[in-house]
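Report on the structure given below.
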Amino acid sequence: MNGTVSLVGSGPGDPELLTVKARRRIDAADVVLHDKLPGPEIIDTIPEAKREDVGKRAGGERTSQEYTNERLVELAREGKNIVRLKGGDPFVFGRGGEETSHLAANGVDFEIVPGISSALAAPELAGIPTTHREHASTVSFVTGHEDPTKEESAVNWDALAATGGTIVVLMGVGKLPDYTAALREAGMSSETPVALVERASRPDQRVATGTLDTITDVAEREGIEPPAVTVIGQVVGEREQPREARQ
């Protein structure tokens, strides 16, 4: 009898932001396939004997998506109950759709356990409202790391610049100079506020701010590294540092 696969969103990295269902599924799983995005605070709560790292490996090599897809099917056919643990939400730039298509094609039962996407959590934890009655009635979520086999980008930066709303870019540190330039060329003001939120919700969270014109230099000067979320729009100017909650 086949086992089942649960695609579980781990949220932005704080173990306390895991959903109750996510925690239950992780604890009950026979095997947990994960990459680095859930973060060490969550991964370290999983017994080493039942976790498999399908992310980056020694020497800079990465586990292919094809391997992960096949491994999920293989384990399910062994009768194992598997958690595929993903950062944020499984269906927000997490390749969850690719994995569920492969599971369905191979007759493997699966479920989705939604998680808090960093697209929402990172701005909030930095004190930035993604919507604001005076500044933004729309929010656009964009990947800064598209499939490299595409002949051209599927992101229409001209259209995004024209919305007048908030733009949230995930996995966009490496391409920051490219898309900030594209937005300026599309007519967005070079003075538009921009924030970079690195390692949102984790103990070493950092926030760097600038404008569409300066943020690349700010990121380089501050040494901002992935994982980080970029927030672009007038809402960044409404940023208020959250006060430390009483424990």
Side-chain angles (χ1 to χ4, degrees), residues 1-13 17-40 42-43 45-121 141-155 169-172 174-175 226-227 229:
M1 181 178 178
N2 284 351
T4 60
V5 176
S6 298
L7 273 72
V8 175
S10 66
L17 292 178
L18 280 170
T19 66
V20 173
K21 189 170 186 176
R23 183 76 264 173
R24 286 208 327 264
R25 289 293 187 269
I26 292 168
D27 292 343
D30 297 311
V31 185
V32 178
L33 270 61
H34 68 89
D35 50 37
K36 296 293 189 293
L37 286 177
I42 291 175
I43 294 171
T45 68
I46 306 167
E48 189 172 351
K50 74 172 189 178
R51 68 187 195 226
E52 292 187 16
D53 186 347
V54 291
K56 187 174 181 179
R57 296 186 174 182
E61 296 180 357
R62 293 182 181 273
T63 306
S64 69
Q65 185 62 50
E66 291 73 20
Y67 172 85
T68 300
N69 291 349
E70 290 300 329
R71 184 62 176 151
L72 290 170
V73 172
E74 177 185 22
L75 288 168
R77 287 176 175 167
E78 292 175 5
K80 303 285 179 60
N81 289 320
I82 309 114
V83 160
R84 174 66 175 105
L85 187 64
K86 294 176 169 291
D89 181 90
F91 277 11
V92 180
F93 304 129
R95 296 191 176 184
E98 296 175 42
E99 292 175 0
T100 54
S101 293
H102 189 78
L103 293 169
N106 284 274
V108 175
D109 292 336
F110 63 86
E111 66 169 348
I112 313 299
V113 180
I116 301 173
S117 173
S118 59
L120 295 172
F141 300 125
V142 185
T143 176
H145 184 70
E146 294 187 89
D147 184 344
T149 64
K150 288 182 179 178
E151 292 186 2
E152 59 183 32
S153 173
V155 179
V169 185
L170 279 70
M171 302 174 290
K175 296 290 186 179
V229 172

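All residue numbers in this chain count up from 1 along the given sequence. These values consider heavy atoms only, across backbone and side chains, with no hydrogens, waters or symmetry-generated copies.
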What are the two closest heavy atoms between [X] and [Y], and how far apart are they?
| X | Y | value |
| --- | --- | --- |
| G97 | T100 | O-OG1, 3.1 Å |
| E111 | S6 | OE2-OG, 2.7 Å |
| G55 | D35 | CA-CB, 3.6 Å |
| V169 | T143 | CG1-C, 4.3 Å |
| V54 | Y67 | CG1-CE2, 4.3 Å |
| A29 | V83 | CB-CG2, 3.7 Å |

Going by heavy atoms in the side chains, are [X] and [Y] under 4.5 Å from each other?
| X | Y | value |
| --- | --- | --- |
| T19 | P114 | no |
| H102 | L72 | no |
| L18 | S10 | yes |
| F141 | V92 | no |
| Q65 | T68 | yes |
| L75 | L33 | yes |
| D30 | K50 | no |

**OP:** Go through the steps for R23 and I26 under the test side-chain contact (heavy atoms from CB on, under 4.5 Å), then give the verdict.
**Re:** CA-CA 5 Å; R23 183 76 264 173; I26 292 168; 3.4 Å; yes
Which value, rounded to the nearest 0.5 Å, describes the distance between [X] atom [atom1] and [Y] atom [atom2]?
| X | Y | atom1 | atom2 | result |
| --- | --- | --- | --- | --- |
| E52 | I46 | CD | CD1 | 12.0 Å |
| F110 | R84 | CZ | CZ | 14.5 Å |
| K86 | F91 | NZ | CZ | 9.0 Å |

Original post:
For L7, which of L103, D89, L85 qualifies under side-chain contact (heavy atoms from CB on, under 4.5 Å)?
Top reply: L103
Subject >> Counterpart residues, side-chain hydrogen bond (donor to acceptor under 3.5 Å, both in side chains), relative to N81 (two or more places apart) >> reply: T4
Original post:
Sequence neighbours excluded, which residues qualify as side-chain hydrogen bond (donor to acceptor under 3.5 Å, both in side chains) partners of E74?
Top reply: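 E74: side-chain hydrogen bond (donor to acceptor under 3.5 Å, both in side chains) contacts with R71.
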Subject >> N106 side chain to V108 backbone, donor-acceptor under 3.5 Å >> reply: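 Flag not set: sc N106 to bb V108 has no pair under 3.5 Å.
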